[in-house]
Amino acid sequence: MSLKIYNTLSRSKVDFEPIEPGKVRFYVCGPTVYAEAHIGHAMSALVFDIVRRYLMYSGYDVDFVMNFTDVDDKIIAKANELGEDPYELAEHYINEYKRNLEELNILPATKNPRATEDMPQIISMIETLIAKGSAYAVNGDVYYRVESKDDYGKLSGRKLASMSAGARIQVDERKDHPMDFALWKSAKPGEPAWESPWGQGRPGWHIECSAMNMTHLGEQIDIHGGGNDLIFPHHENEIAQTEAVTGKEFSRVWMHNGMLSLKAEKMSKSLGNMISVDQFLADHPADVMRLWVLNGSYRGPLIYSQEVIEQTEQAYQRLLGAKKAALPGAKGLEAAALEALNAEADKVKADFKEKMDDDFNTSGALAALYELVKAINQARAEGAKDEQLASAQAVFTELTGVLGLRLEEQKTAGGDADAFIDLLVRLRRDLRAEKNWALSDKLRDGLKDLGVILEDSKDGTTWSWE
RNA sequence: GGCGACGUGGCCAAGUGGUAAGGCAGGAGUCUGCAAAACUCUCAUCAUGGGUUCAAUUCCCAUCGUCGCCUCCA
């Protein structure tokens with residue numbers, strides 16, 4: 001079975017065939033860096049990290065480019081407000097963003113181009129557009145001529161006629177068409193500016209992605225991704241610009257993730273209910289955020305609420321449980337039962353791939369993994385030894401790894417505490433042998449307060465960090 | 001007004017033209033000194049109204065509702 005991906009351009013699932021066999025040119029629109037990352041950014045980044053990891057697992061060599069928009073009106077405004085240098089402000093948030101990505105176990109991009117570092121390519125692309133009649137300069141500004149491309153609007157399904165009719169923005173008389181958008185903006189005094197054939201200025205938002213795409217991945221790419229709020233105008237305009245320059249199809253597949261929504265109300269700056277990645281990670285393991293994203297479809301909305309996160313925490317504990325060792329005093333599994341366990345692992349693996357091949361159905365893939373969790377738990381309960389669980393657990397670790405889940409047992413800073421805890425557990429064993437329940441319970445409760453969970457069975461006690 | 005998405009059990013959420021995965025929570029058991037974990041069993045007819053069909057939750061139409069975009073946004 002081959003990989004199918006939902007393509008926004010065709011509004012259907014298509015068989016994925018990269019331009020060059022075995023290689024994937026993948027571009028994702030990164031953030032404009034003027035504030036700390038919130039969990040909506042994280043959702044998008046996680047979605048495309050999962051896509052990328054699965055492509056890699058499927059044997060593709062993935063060239064993954066994610067840009068940073070580091071010159072922009074909002075950055076300038078924020079810098080002025082704080083009395084800081086715009087470039088340094090951008091630099092600061094880029095580093096913060098990268099730190100968040102790392103904490104979320106998101107693989108670093110192959111390249112992280114920045115608008116300010118690709119200025120010559122941006123300018124040359126605008127020059128080409130002017131030369132081809134797709135753009136025009138007016139008093140130091142340059143606009144893209146939307147009417148020059150007859151399929152303008154093909155990604156978002158919009159028609160120029162209806163758009164101009166409903167245009168709400170004050171019409172700039174210097175534009176040929178109200179929907180014409182800026183490729184180059186002339187600089188006001190004091191703003192960051194670059195020298196260009198049209199005078200001092202800076203690039204428009206859309207052109208930088210087109211230019212960085214072309215510079216770092218080439219004229220045609222396989223997958224272009226981003227949030228579905230970027231479909232129009234950003235991606236629509238990227239297509240227009242790039243295809244006007246190259247005369248070729250820009251990206252084979254356009255992928256868009258759904259938006260995060262808070263249960264009761266939208267997360268927005270005006271409501272002041274933004275949740276930053278740092279805030280989330282202060283309270284929950286990174287795996288919980290990833291699992292929360294994996295639970296649903298990347299294309300649909302993702303609901304955030306306290307209840308949902310608590311449910312995800314519980315589900316996370318269940319996944320962790322699959323990696324637990326054999327029970328103390330395990331007698332060993334019969335050959336038939338062991339065979340059944342390993343057969344189940346194989347089945348789950350096939351199932352997992354089938355689901356992921358169907359437009360990254362992570363929810364279905366997760367369901368397969370829970371089947372494996374159950375099989376492993378059953379085997380353990382029936383007395384499987386560590387070495388008998390190993391093979392199925394290896395499959396489990398492999399597949400959860402493909403999804404980018406770490407599922408690491410909580411560890412102490414050093415391992416020094418272990419010996420002391422072991423000592424207490426042995427001590428408690430003696431207390432229990434004497435049926436001194438009061439003291440042994442006190443010991444268990446005390447350890448719980450310190451984050452150590454004791455679990456008794458008739459053949460002994462195991463412990464783990466909470 | 002235009003474009004688009006969605007409405008599945010208490011919550012989150014897959015999926016299919018032939019009566020609905022999984023997780024969380026709940027109920028009943030097993031195990032246990034108790035607890036925890038685990039295991040077993042249990043818990044929906046898919047917004048509403050029409051239509052197409054031998055058969056629809058799945059296709060079509062309408063209605064109601066929710067949401068996104070159309071201005072910066074992952």
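Here is the naming used below: chain letters follow the sequence lines, and residue numbers restart at 1 for every chain. Scope of the values below: all heavy atoms of this structure, side chains included, with no hydrogens, waters or symmetry mates.
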*Roughly how far apart, to the nearest Å, are G22(B) and A44(B) at atom C1'?*
15 Å

_Q279(A) side-chain N/O to S276(A) backbone N/O, donor-acceptor pair under 3.5 Å_ = yes

*Select base, sugar-phosphate, or nothing to describe what D456(A) touches, counting heavy atoms under 4.0 Å on all strands.*
base

*asked:* Just to be sure I understand the rule, does K374(A) reach a base, reach only the sugar-phosphate, or reach nothing, if contact means heavy atoms closer than 4.0 Å?
replied: sugar-phosphate

*When rounded to the nearest Å, what value does the distance between P atoms of C41(B) and A47(B) take?*
29 Å

*Where the side chain of R158(A) is defined as all heavy atoms beyond and including C-beta, which of G2(B), U40(B), A21(B) is the nearest nucleotide?*
G2(B)

*Nearest to the side chain of D229(A), which nucleotide is it out of G33(B), A36(B), A74(B)?*
A74(B)

*Report which part of the nucleic acid T32(A) touches: base, sugar-phosphate, or nothing (heavy-atom distance under 4.0 Å, all strands).*
sugar-phosphate

*Using the C1' atom in both, what is the distance from G68(B) to A25(B), to the nearest Å?*
30 Å

*Are the side chain of D287(A) and the backbone N or O of L405(A) linked by a donor-acceptor pair below 3.5 Å?*
no

*Are D15(A) and K4(A) close enough for a salt bridge, meaning some N to O gap below 4.0 Å?*
yes

*Paired with G1(B): which nucleotide, if any, by Watson-Crick or G-U wobble criteria at under 3.5 Å for both distances?*
C70(B)

*Consider the side chain of R444(A), meaning its heavy atoms from C-beta on, and name the nucleotide among A74(B), A21(B), G33(B) that approaches it most closely.*
G33(B)

_Separation of atom CD in E313(A) from atom P in C12(B), rounded to whole Å_ = 18 Å

*Across the strands shown, which category fits K324(A) at heavy-atom distances under 4.0 angstrom: base, sugar-phosphate, nothing?*
sugar-phosphate

*asked:* Among G22(B), G33(B), A25(B), which nucleotide has an atom closest to any side-chain atom of Q314(A)?
replied: A25(B)

*Paired with U16(B): which nucleotide, if any, by Watson-Crick or G-U wobble criteria at under 3.5 Å for both distances?*
none

*Give L369(A) one of three labels, base, sugar-phosphate or nothing, depending on what nucleic acid heavy atoms sit under 4.0 Å from its own.*
nothing

*Looking only at side-chain atoms of V308(A), point me to the closest of G22(B), C12(B), G68(B).*
C12(B)

*Report the nucleotide, chosen from G15(B), G22(B), A35(B), that has the shortest atom-to-atom distance to any side-chain atom of N361(A).*
G15(B)

*If each of E307(A) and D441(A) is mapped to the nucleotide of RNA chain B with the nearest heavy atom, which maps nearer the 5' terminus, i.e. the 5' end?*
E307(A)

*asked:* Looking at D358(A) and K355(A), would you say the former's side chain and the latter's main chain have a donor-acceptor pair under 3.5 Å?
replied: no

*Which part of the nucleic acid does G321(A) contact within heavy-atom distance under 4.0 Å: base, sugar-phosphate only, or nothing?*
nothing

*When the P atoms of C70(B) and C11(B) are considered, how many whole Å apart are they?*
31 Å

*Distance-only donor-acceptor test, T462(A) side-chain atoms vs A37(B) base atoms, 3.5 Å*: no

*asked:* What's Q317(A) touching, base or sugar-phosphate or nothing? Going by heavy atoms closer than 4.0 Å.
replied: nothing

*Most 5' of P301(A) and S44(A) on RNA chain B, judged by nearest nucleotide*: P301(A)

*Do we count W437(A) as stacking onto G33(B) if the rule is ring centres under 5.5 Å and planes under 30°?*
yes

*Would you kindly check whether a donor in the side chain of R299(A) faces an acceptor in the base of C6(B), or vice versa, at under 3.5 angstrom?*
no

*Could you check which nucleotide pairs with U40(B) in any of the strands shown, counting Watson-Crick or G-U wobble with both distances under 3.5 Å?*
A28(B)

*So what does E455(A) hit on the nucleic acid, given a heavy-atom distance under 4.0 Å: a base, only sugar-phosphate, or nothing?*
base

*May I ask you to verify whether the side chain of Q311(A) and the base of C11(B) hold a donor-acceptor pair under 3.5 Å?*
yes

*Taking atom types as they are modelled, is there a donor-acceptor pair under 3.5 Å from the base of C39(B) to the side chain of R380(A)?*
no

*Determine, step by step, whether Y143(A) and R174(A) satisfy the side-chain hydrogen bond (donor to acceptor under 3.5 Å, both in side chains) criterion, reporting the C-alpha distance in whole Å, the side-chain angles of both residues, the deciding distance to 0.1 Å, and the verdict.*
CA-CA 10 Å; Y143(A) 292 101; R174(A) 301 177 308 163; 3.1 Å; yes

*Both distances under 3.5 Å, Watson-Crick or G-U wobble: report the partner of A21(B), or none.*
none

*asked:* Could you identify the nucleotide paired to A56(B), looking across every strand shown and requiring Watson-Crick or G-U wobble geometry with both distances under 3.5 Å?
replied: none

*asked:* For Y27(A) and H224(A), take the angle between the two ring planes, folded into 0 to 90°, and tell me which bin it lands in: parallel under 30, tilted 30 to 60, perpendicular over 60.
replied: tilted

*Selection from A74(B), G33(B), G22(B) that lies nearest to any side-chain heavy atom of A367(A)*: G22(B)

*Expressed in whole Å, how much space separates the C1' atoms belonging to U57(B) and C6(B)?*
15 Å

_OP1 or OP2 of C39(B) under 4.0 Å from side-chain N/O of N377(A)_ = yes

*Between A13(B) and G49(B) - P atom distance, rounded Å*: 24 Å

*Side chain of D222(A), backbone of F26(A): donor and acceptor closer than 3.5 Å?*
no

*Nucleotide opposite C6(B) in a Watson-Crick or G-U pair, distances under 3.5 Å*: G65(B)

*Look at all strands and tell whether I231(A) reaches a base, only sugar-phosphate, or nothing, counting heavy atoms closer than 4.0 Å.*
nothing

_Mind checking if S297(A) touches a base, just sugar-phosphate, or nothing, with heavy atoms under 4.0 Å?_
sugar-phosphate

*Cut-off 3.5 Å, side chains only: do E313(A) and H284(A) have a donor facing an acceptor?*
yes

